[in-house]
Each structure stands twice: as C-alpha cells, then as structure tokens.
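Only heavy atoms go into these numbers, but all of them, side chains included; no hydrogens, no water, no symmetry mates.
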Amino acid sequence: MNKTAIITGAGQGIGRAIARAFANKNYRVVIAEIDNEKGEQSASEINERGGKAHFVACDVSKIADIEKLIEKTINRFHRIDVLINNAGLSEFTDVFTLTEEDWDRVINTNLKGTFFASRETAKYMKETGGSIINIASTRALMSEPNSEAYAASKGGILSLTHALAASFSKHRIRVNAILPGWIETGDYSLLKEKDHAQHLSGRVGKPADIASACLFLANENNSFITGTELIVDGGMTRKMIYEE
C-alpha cells in the first residue's frame with residue numbers, strides 16, 4: 001500500500017530534499033509551497049525520476065490555504081500518513097525596529113501554520129494513525145542578536161510538539177520535532193574549513209541529513225518515539241568554541 005506524505009515548504013532547500021527522500025521510499029508526495037514555480041519544479045523533478053508527486057500552492061499562514069491543501073490531498077490520494085511541517089521564515093530584525101507586522105508574519109508562518117496544518121491533517125489521520133514531524137531549529141535553544149521572532153516561533157514549536165503528541169496519542173498519531181543546526185542549502189563547496197571545524201561531526205550539515213532524520217521518525221518501527229525533540233546539528237551545540 002502506497003503511503004502519502006505532505007511536506008510544506010518543499011519547493012527548495014531542506015523541504016525539497018525531504019520530498020525527494022520520501023518519494024525514493026515510494027511515498028506519494030504532496031509538495032505544499034507558496035512559490036508556484038519552485039513547487040512545480042520540485043514536483044516535476046520527482047515525477048521525472050519515476051516518483052509520484054503533486055504540487056499544491058499553499059501559504060501556511062492562511063488557514064483557508066491549509067484546509068484546501070488537506071482537501072486536495074485527500075481527494076487525490078485518499079489518505080495522509082505523514083505530515084512534515086517544514087515551511088518557515090527566517091527573518092532577523094533589529095529588536096528596536098521590529099514591527100508588529102514583522103512579528104506576526106514570522107509567528108503566523110512558523111508557529112500558527114504548524115498548528116493548523118497539524119490539526120487539519122489529524123482530522124483525517126486519526127482514522128489510520130500517522131506521523132507528524134515539525135521542523136524547529138537549534139535557535140529554539142540558543143540565539144544570536146535580533147532573532148526574537150524567529151526564536152520565539154521555533155521555541156513555540158517545541159512546546160506545541162509535545163502538546164499535540166498528548167492530544168493526538170489516542171488516535172495513534174505520533175508528533176515529534178527535529179531541530180536542525182547549520183544546514184547549508186547553497187553551494188557547499190564554498191564553505192571554509194573553519195565552518196566545518198565548528199562541528200563535532202567535522203562538517204556542516206546538508207539537507208539530506210534532515211531528510212534522513214524525517215524518514216527515521218516517520219518509520220512505523222519507531223512508534224515508541226513521540227513528543228520528543230531530535231537535534232540534528234553535527235554536535236555544534238555541544239562543542240565549546242573559543243576565539244583564537
């Protein structure tokens with residue numbers, strides 16, 4: 001039986017790598033993406049390689065878009081087995097000039113979108129059980145200046161994850177969070193040795209590293225894992241770094 005996975009923000013970067021990885025495991029993949037061109041490209045790439053992908057335009061900050069996403073997925077594939085809440089904005093703004101509009105834009109996309117996508121998916125997923133994976137960030141645990149809205153949204157995702165895990169447990173829906181560290185989505189060859197040296201793993205992360213973690217958490221053999229946080233950062237948050 002073919003399973004269905006929805007990946008939000010799957011038009012590029014980490015989301016695109018996750019969609020590709022699930023398609024390679026014979027999942028029917030729904031590419032939810034606000035950028036039509038990137039979403040179509042991501043779906044086409046998978047289909048051209050023999051996978052099965054369908055693009056649905058979606059702005060996760062809008063509940064109506066999320067409802068349409070779930071409806072279109074059910075109409076086309078009749079079930080949802082995995083939801084990966086990956087869509088998000090990474091905007092850093094000076095704390096003294098951060099506007100209400102700036103704050104709302106980040107929170108509505110990263111946190112509100114994660115909640116409503118999870119809830120609307122669970123309405124169908126509760127018939128069969130399933131896995132919801134929220135992409136948070138190590139910035140929920142550590143910060144740089146002027147990251148208040150982003151850090152708040154990612155920290156909120158961690159709390160939301162265990163709350164949803166509790167609420168959905170009776171429906172056999174597992175909810176977990178992944179906290180990526182430095183994941184290079186650009187030209188990996190441009191990274192310097194000092195960049196890699198900041199990690200206990202000896203290298204900066206790649207989108208495929210997060211995709212592998214998603215496959216692990218989605219696997220039914222790991223059904224004992226729910227309500228937890230998986231840090232995937234090459235050990236960067238555990239490495240003491242001193243300026244020379």
Fill in: Single-linkage hydrophobic cluster, 4.5 Å side-chain cutoff, Met125 and Leu215 together
no
Worksheet item: Same cluster or not: are Phe216 and Ile7 linked, directly or through other Ile, Leu, Val, Met, Phe, Trp or Tyr residues, by side-chain heavy atoms under 4.5 angstrom apart?
Response: yes
Worksheet item: Should we say atom NZ of Lys239 is surrounded by more than 12 heavy atoms from elsewhere, each under 6.0 Å from it?
Response: yes
Practice prompt. Spell out, yes or no, whether Ile74 and Leu69 are grouped together once hydrophobic residues are joined by side-chain heavy atoms under 4.5 Å, including indirect joins.
Written response: yes
Discussion item. Rounded at 0.5 Å granularity, tell me how far CG in Asp81 sits from CG in Asn2.
Written reply: 9.5 Å
Item to complete: Could you tell me the separation between the CD1 atom of Ile70 and the CG atom of Asn75, rounded to the nearest 0.5 Å?
Response: 11.5 Å
Practice prompt. Indicate the ring-plane relationship of Tyr27 and Phe22, choosing parallel, tilted or perpendicular according to the 30° and 60° boundaries.
Written response: perpendicular
Worksheet entry | Close side-chain approach of Val60 and Asp65, heavy atoms under 4.5 Å | no
Practice prompt. Determine whether Ile107 and Ser153 make a side-chain contact, defined as any pair of heavy atoms from C-beta on separated by less than 4.5 Å.
Written response: yes
Fill in: side-chain hydrogen bond (donor to acceptor under 3.5 Å, both in side chains) between Thr4 and Arg79, worked out
CA-CA 6 Å; Thr4 303; Arg79 61 182 291 141; 5.5 Å; no
Practice prompt. With rounding to the nearest 0.5 Å, note down the distance linking CD1 in Ile133 to CD1 in Ile84.
Written response: 4.5 Å
Fill in: Derivation of the salt bridge (Lys or Arg N to Asp or Glu O under 4.0 Å) call for Glu71 and Lys68
CA-CA 5 Å; Glu71 180 182 0; Lys68 290 178 182 177; over 6 Å; no
Worksheet entry | Min side-chain heavy-atom separation Met142-Thr237 under 4.5 Å | yes
Fill in: Carboxylate-amine/guanidinium contact Asp102 Arg105, below 4.0 Å
yes
Discussion item. Once rounded to the nearest 0.5 Å, what's the spacing between atom CG of Asn85 and atom CG of Leu83?
Written reply: 4.0 Å
Item to complete: Would you confirm whether Asp104, through its side chain, and Glu101, through its main-chain N or O, come within 3.5 Å as a donor-acceptor pair?
Response: no
Item to complete: List the steps, then state whether side-chain contact (heavy atoms from CB on, under 4.5 Å) holds for Arg76 with His54.
Response: CA-CA 9 Å; Arg76 189 176 186 89; His54 178 61; 3.4 Å; yes
Worksheet item: Of the non-hydrogen atoms in Ala136 and Ile157, which two are nearest, and what is the gap between them?
Response: CB-CG2, 4.0 Å
Worksheet item: Honestly curious: do Ile80 and Val82 fall in one hydrophobic cluster under the side-chain, below-4.5 Å linking rule?
Response: no
Worksheet item: Are side-chain heavy atoms of Gln41 and Glu45 found at a separation under 4.5 Å?
Response: no
Worksheet item: Could you give the distance from CG (Asn86) to OG1 (Thr114), rounded to the nearest 0.5 Å?
Response: 9.5 Å
Discussion item. Quick check: closest heavy atoms across Ala213 and Ile178, and the distance to 0.1 Å?
Written reply: CB-CD1, 3.6 Å
Worksheet item: Does the side chain of Phe55 reach to within under 4.5 Å of the side chain of Asn36, using non-hydrogen atoms?
Response: yes
Worksheet item: Closest heavy-atom contact between Ala17 and Ala211?
Response: O-CB, 3.7 Å
Worksheet item: Given Leu179, which of Leu141, Ile135, Asn134 fulfils the side chain to side chain contact (heavy atoms under 4.5 Å, CB included) condition?
Response: Leu141
Worksheet item: Passes side-chain contact (heavy atoms from CB on, under 4.5 Å), Glu220 versus Lys3? Steps please.
Response: CA-CA 12 Å; Glu220 291 181 350; Lys3 294 184 177 182; 2.8 Å; yes
Worksheet item: Which is it for Leu164 and Phe115 under the side-chain contact (heavy atoms from CB on, under 4.5 Å) test, yes or no, and what are the steps along the way?
Response: CA-CA 9 Å; Leu164 289 175; Phe115 170 71; 4.1 Å; yes
Discussion item. Evaluate Lys38 against Arg16 for side-chain contact (heavy atoms from CB on, under 4.5 Å), listing each step before the verdict.
Written reply: CA-CA 9 Å; Lys38 291 178 180 178; Arg16 194 166 189 167; 5.6 Å; no
Worksheet item: Measuring from Asn110:CG to Leu160:CG, what's the distance to the nearest 0.5 Å?
Response: 12.0 Å
Discussion item. If we ignore hydrogens and angles and just use 3.5 Å, is the side chain of Thr8 paired with the main-chain N or O of Ala87 as donor and acceptor?
Written reply: yes
Worksheet item: Are the side chain of Arg28 and the backbone of Phe77 linked by a donor-acceptor contact shorter than 3.5 Å?
Response: yes
Item to complete: Report the relative orientation of the aromatic rings in Tyr150 and Phe92; use parallel for angles under 30°, tilted for 30 to 60°, perpendicular for over 60°.
Response: tilted
Fill in: Gln198 and Trp182, any side-chain heavy atoms less than 4.5 Å apart
yes
Practice prompt. Determine the minimum heavy-atom distance between Asp233 and His199, stating which atoms define it.
Written response: O-CD2, 3.3 Å
Practice prompt. Report yes or no: do Ile63 and Leu111 belong to one cluster of Ile/Leu/Val/Met/Phe/Trp/Tyr joined by side chain heavy-atom distances under 4.5 Å?
Written response: yes
Response to the item:
Closest heavy-atom pair, Ala53 versus Ile31, reported as atoms and distance to 0.1 Å, is CB-CG1, 4.5 Å
Worksheet item: Asp209 and Lys206: salt bridge (Lys or Arg N to Asp or Glu O under 4.0 Å), yes or no, with the steps?
Response: CA-CA 5 Å; Asp209 294 313; Lys206 300 178 181 180; over 6 Å; no
Response to the item:
Closest non-hydrogen contact found for Ser61 with Thr109 is CB-OG1, 3.7 Å
Worksheet item: Just by modelled atom types, is the Asn222 backbone N or O under 3.5 Å from a matching donor or acceptor in the Arg174 side chain?
Response: yes
Worksheet item: Do the non-hydrogen side-chain atoms of Leu217 and Ile225 ever get within less than 4.5 Å of each other?
Response: yes
Practice prompt. Ignoring hydrogens and angles, tell me if any N or O in the side chain of Glu33 forms a donor-acceptor pair with the backbone of Gly39 under 3.5 Å.
Written response: no
Worksheet item: Between Thr161 and Gly227, is there a donor-acceptor pair closer than 3.5 Å when you use the side chain of the first and the backbone of the second?
Response: no
